[in-house]
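Here is the structure we will look at, set down as structure tokens.
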2 protein chains.
Amino acid sequence: MNTQNIQGKDSMLDELSLTIRNDSGTQKLCPHNSNISCASCRLNELCLPIALNKTEIHQLDEIVERNRPLKKGDHLYRQNDEFRSVFAVRSGSFKSYVLSDTGQGRVTGFYLPGEIIGMDGIASKHYSNSTQSLEHSSICEIPFSQLEKLSHQLPNLQHHFFAIMGNEIAKDQQIHTLLSSYSAEERTASFLLGLSSRYARVSLSPTRFLLPMTRSDIGEYLGLTVETVSRIFTALQKKGLIEVNNREIELTDLEALRAIVGVETC
Amino acid sequence: MNTQNIQGKDSMLDELSLTIRNDSGTQKLCPHNSNISCASCRLNELCLPIALNKTEIHQLDEIVERNRPLKKGDHLYRQNDEFRSVFAVRSGSFKSYVLSDTGQGRVTGFYLPGEIIGMDGIASKHYSNSTQSLEHSSICEIPFSQLEKLSHQLPNLQHHFFAIMGNEIAKDQQIHTLLSSYSAEERTASFLLGLSSRYARVSLSPTRFLLPMTRSDIGEYLGLTVETVSRIFTALQKKGLIEVNNREIELTDLEALRAIVGVETC
DNA sequence: GCGATCCCTTATTCTAGATCAATAATCACT
DNA sequence: AGTGATTATTGATCTAGAATAAGGGATCGC
């Protein structure tokens with residue numbers, strides 16, 4: 001609703017974080033500015049509007065709610081909340097997690113700009129995990145009932161949303177394989193390469209970026225402890241494959257990282 | 001196409017396996033008979049036709065191809081095959097797997113009657129895994145382009161297919177948690193309980209069934225070795241929670257199994 | 001019905017990564 | 001700028017489950 005009065009500070013933070021992340025140091029990725037329309041959003045070719053024509057994008061625009069930016073740690077929704085919407089990340093990043101009975105969380109996913117959050121709630125009508133902002137972030141909310149209605153009118157949108165969900169399924173199955181048979185080093189290398197190509201997708205450097213999540217988040221996601229993640233990072237650094245400095249990371253030898261994960265070099 | 005001439009033998013096998021699996025010993029689950037329509041299929045309330053009215057089911061019926069039954073080991077499709085269809089299991093069971101570079105497979109999923117196979121191919125237009133019959137099985141093939149067209153006409157179908165995909169996503173994320181933080185015993189117990197409720201869903205006994213897959217399949221699925229799966233089975237048996245005899249299994253203490261997995265008793 | 005192959009179990013050893021512990025660095029708040 | 005809280009690193013043990021090995025059963029193909 002009222003999103004205007006925080007813009008000054010937001011833009012500063014935004015520009016700061018993106019300058020660090022971006023090799024060229026000049027381009028700006030989808031600012032936190034809430035007024036931007038799908039038609040003019042830098043992410044429109046990766047996000048929901050993909051494959052839609054101008055009129056269709058306008059129709060989509062109508063149902064998208066551009067919420068007030070989220071601060072680090074803010075929740076987008078919590079486990080068991082009623083499912084109403086899916087969300088598209090406009091800037092920043094998010095993590096999804098579930099709480100085990102022992103109280104400690106297990107991270108089920110990370111979300112970067114242009115990616116869709118919340119599809120786990122579609123079937124049961126309740127979100128099956130909690131999702132939290134990892135940094136100052138902004139989001140587009142798409143009420144699902146309206147998305148369904150619109151998909152019904154726009155075959156392109158239906159087709160594309162099926163594809164987005166199918167992609168999520170394929171990705172989840174890859175992670176299944178990763179967790180069920182890869183070593184700690186293989187998991188970590190694969191994770192870094194995955195981040196790399198996701199940053200590349202939004203035109204950020206694939207070799208130099210900030211990790212928005214903690215080592216502990218990475219560990220919970222990969223089924224490893226913090227200590228192991230940290231150890232693997234230093235080991236990879238010693239081997240000259242990466243350069244880590246706290247949250248800043250540079251992948252200095254993509255080929256070697258790919259070799260760790262498996263064969264395919266694409 | 002020509003499915004008639006094998007029916008005699010099929011029905012026998014079918015009845016045999018289902019008698020063993022089924023407590024009541026009388027009801028018959030969706031026979032291999034290929035001529036059955038969605039309207040008269042015993043699974044129509046669990047499978048795609050759910051939430052469709054009679055006219056709609058008839059329309060769905062038109063696009064469903066009822067293929068010749070598959071023998072144990074037959075492939076439904078292979079990794080990288082062009083994606084054309086999703087499949088609904090009518091009888092029998094299937095496993096999906098990917099081959100690692102070292103040649104050994106890793107199982108990514110098992111599919112029982114009423115469940116949908118192949119959604120991992122939707123996004124990339126190629127199947128990301130291979131899927132193989134675990135026993136004599138029959139399948140309904142649903143050409144995806146036609147399913148999309150029909151979904152566009154029938155909001156109910158679109159809604160339901162979104163739900164099916166959402167369910168797959170939620171399930172995959174649960175497995176993510178399972179693999180990243182549960183012990184061998186917890187994984188195994190959870191796996192057995194999962195099978196139990198899936199059998200219950202198709203009105204078979206939730207406490208007594210045949211495992212259609214090998215110990216090795218289970219191990220690959222759960223990220224464990226065959227030996228560990230075997231050991232856990234005998235351990236659970238010694239504790240009196242299950243009764244295993246080769247592929248035959250009885251869950252003799254559901255409560256205790258649930259207690260191993262976590263708290264929730266529902 | 002018989003051999004070959006695959007599947008399952010059990011015992012023994014070994015290791016990757018967890019756990020425990022302690023310190024250092026960084027961040028968030030006043 | 002200072003203080004407490006979170007986050008990261010590194011080292012020393014410990015253990016769950018992998019790897020190896022080997023025998024007995026089931027199942028399949030002929």
Side-chain angles (χ1 to χ4, degrees), chain A residues 9 13 16-17 20 71-74 95 100 102 104-107 132-136 178-189 210-238 242-249 260, chain B residues 13 16-17 20 71-74 95 100 102 104-107 132-136 178-189 210-220 222-238 242-249 260:
Chain A
K9 199 187 168 205
L13 283 171
L16 183 64
S17 70
I20 295 171
K71 293 191 308 296
K72 178 173 177 173
D74 283 353
K95 76 166 178 188
S100 74
T102 69
Q104 61 162 354
R106 299 265 85 174
V107 174
Q132 192 178 35
S133 178
L134 290 171
E135 58 191 305
H136 189 83
L178 193 81
L179 293 178
S180 70
S181 57
Y182 285 31
S183 70
E185 190 185 43
E186 290 165 338
R187 291 180 206 193
T188 310
L210 284 184
L211 297 169
M213 71 291 283
T214 67
R215 303 285 192 272
S216 165
D217 287 336
I218 298 173
E220 284 177 22
Y221 180 72
L222 296 176
L224 304 170
T225 57
V226 209
E227 294 93 328
T228 301
V229 173
S230 182
R231 261 186 279 270
I232 301 280
F233 273 11
T234 52
L236 290 175
Q237 180 156 35
K238 267 179 193 154
I242 65 174
E243 197 79 52
V244 243
N245 198 323
N246 209 15
R247 297 289 183 93
E248 221 175 329
I249 193 160
I260 287 177
Chain B
L13 283 172
L16 185 63
S17 70
I20 295 171
K71 293 192 307 298
K72 178 173 177 173
D74 283 353
K95 75 166 178 188
S100 74
T102 69
Q104 60 165 353
R106 299 265 85 176
V107 174
Q132 193 178 33
S133 178
L134 290 171
E135 58 191 306
H136 189 82
L178 192 82
L179 293 178
S180 69
S181 57
Y182 285 31
S183 70
E185 191 185 43
E186 290 166 338
R187 290 179 206 193
T188 309
L210 284 183
L211 297 169
M213 71 291 285
T214 66
R215 303 286 192 270
S216 165
D217 288 336
I218 298 173
E220 285 177 21
L222 295 177
L224 305 169
T225 58
V226 210
E227 293 92 331
T228 301
V229 173
S230 183
R231 258 187 286 273
I232 301 280
F233 272 12
T234 52
L236 290 176
Q237 181 157 35
K238 267 177 195 157
I242 65 174
E243 199 79 51
V244 244
N245 198 325
N246 211 15
R247 297 290 182 93
E248 220 175 329
I249 192 159
I260 288 177

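Naming convention: chains lettered A, B, ... in sequence-line order (proteins, then strands); numbering from 1 in each chain. Being a predicted model, the structure only gives us computed values, none of them experimental.
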Next item on the list: Write down the distance between CD (B:Glu220) and P (C:dC8), rounded to a whole number of angstrom.
Entry: 12 Å
Check: Of the nucleotides C:dT10, C:dC8, D:dC28, which has the atom closest to the B:Thr234 side chain?
Finding: C:dT10
Next item on the list: Scan B:Thr225 against the nucleic acid and name what it touches under 4.0 Å (heavy atoms): base, sugar-phosphate only, or nothing.
Entry: sugar-phosphate
Next item on the list: Considering just the side-chain nitrogens and oxygens of B:Thr228, establish if one lies under 4.0 Å of OP1 or OP2 belonging to D:dA18.
Entry: yes
Check: Checking all strands, does A:Gly73 fall into the base, sugar-phosphate, or nothing category for heavy-atom contacts under 4.0 angstrom?
Finding: nothing
Check: Does A:Arg231 make a side-chain donor-acceptor contact with the base of C:dT19, cut-off 3.5 Å?
Finding: yes
Item checked: Sidechain-backbone polar pair: B:Gln132 side chain, B:Lys95 backbone, donor-acceptor under 3.5 Å -> no
Margin query: Heavy atoms only, 4.0 Å cut-off, all strands: where does A:Ser230 land among base, sugar-phosphate and nothing?
Written below: base
Next item on the list: In whole angstrom, give the distance that lies between atom CG of B:Asp217 and atom C1' of C:dC6.
Entry: 12 Å
Note to self: In whole Å, I'd like the distance from the CD atom of A:Gln237 to the C1' atom of D:dT10.
What the structure shows: 14 Å
Next item on the list: Would you sort out whether A:Gln237 and A:Glu243 count as a side-chain contact (heavy atoms from CB on, under 4.5 Å), showing the intermediate values?
Entry: CA-CA 5 Å; A:Gln237 180 156 35; A:Glu243 197 79 52; 3.2 Å; yes
Check: Expressed in angstrom and rounded to an integer, what is the separation of B:Lys238 atom NZ from C:dT10 atom C1'?
Finding: 9 Å
Note to self: Over all strands shown, is A:Gly223 touching base, sugar-phosphate only, or nothing at heavy-atom distances under 4.0 angstrom?
What the structure shows: sugar-phosphate
Notebook entry, point to check: Just how far, in rounded Å, is P of C:dA22 from CD of A:Glu227?
Noted result: 14 Å
Notebook entry, point to check: D:dT7 phosphate, OP1 or OP2: any side-chain N/O from A:Thr214 under 4.0 angstrom?
Noted result: no
Note to self: Measuring to OP1 and OP2 of D:dT6, would you say a side-chain N or O of A:Arg215 lies under 4.0 angstrom away?
What the structure shows: no
Item checked: Distance in angstrom units between A:Leu224 CG and D:dA8 P, rounded -> 15 Å
Margin query: Tell me whether the side-chain N/O atoms of A:Arg247 come closer than 4.0 Å to OP1 or OP2 in D:dA8.
Written below: yes
Check: Quick one: is B:Asn246 getting a side-chain N or O under 4.0 Å of the C:dT9 phosphate, OP1 or OP2?
Finding: no
Check: In Å and rounded to the nearest 0.5 Å, what is the CD1 to OG1 distance from A:Ile232 to A:Thr188?
Finding: 5.0 Å
Notebook entry, point to check: Hey, does the side chain of A:Ser216 come within less than 4.0 Å of D:dT7's phosphate (OP1/OP2), counting only N and O?
Noted result: no
Next item on the list: Any chance you could lay out the side-chain contact (heavy atoms from CB on, under 4.5 Å) test for A:Leu134 and A:Thr214, step after step, and finish with the verdict?
Entry: CA-CA 9 Å; A:Leu134 290 171; A:Thr214 67; over 6 Å; no
Notebook entry, point to check: Distance from B:Ile249 atom CD1 to B:Leu210 atom CG, nearest 0.5 Å?
Noted result: 10.5 Å
Checklist line | Gap between atoms CD1 and P, on A:Ile249 and D:dT9 respectively (whole Å) | finding: 10 Å
Item checked: Residue-phosphate contact under 4.0 Å: B:Lys72 side-chain N/O, D:dT27 OP1/OP2 -> no
Notebook entry, point to check: What is the nucleic acid contact for B:Arg187, judged by heavy atoms within less than 4.0 Å: base, sugar-phosphate only, or nothing?
Noted result: nothing
Next item on the list: Please step through side-chain contact (heavy atoms from CB on, under 4.5 Å) for the pair A:Glu220 and A:Val226, ending with a clear verdict.
Entry: CA-CA 8 Å; A:Glu220 284 177 22; A:Val226 209; over 6 Å; no
Next item on the list: Round to a whole Å and report the spacing from CG of B:Leu134 to P of C:dC7.
Entry: 11 Å
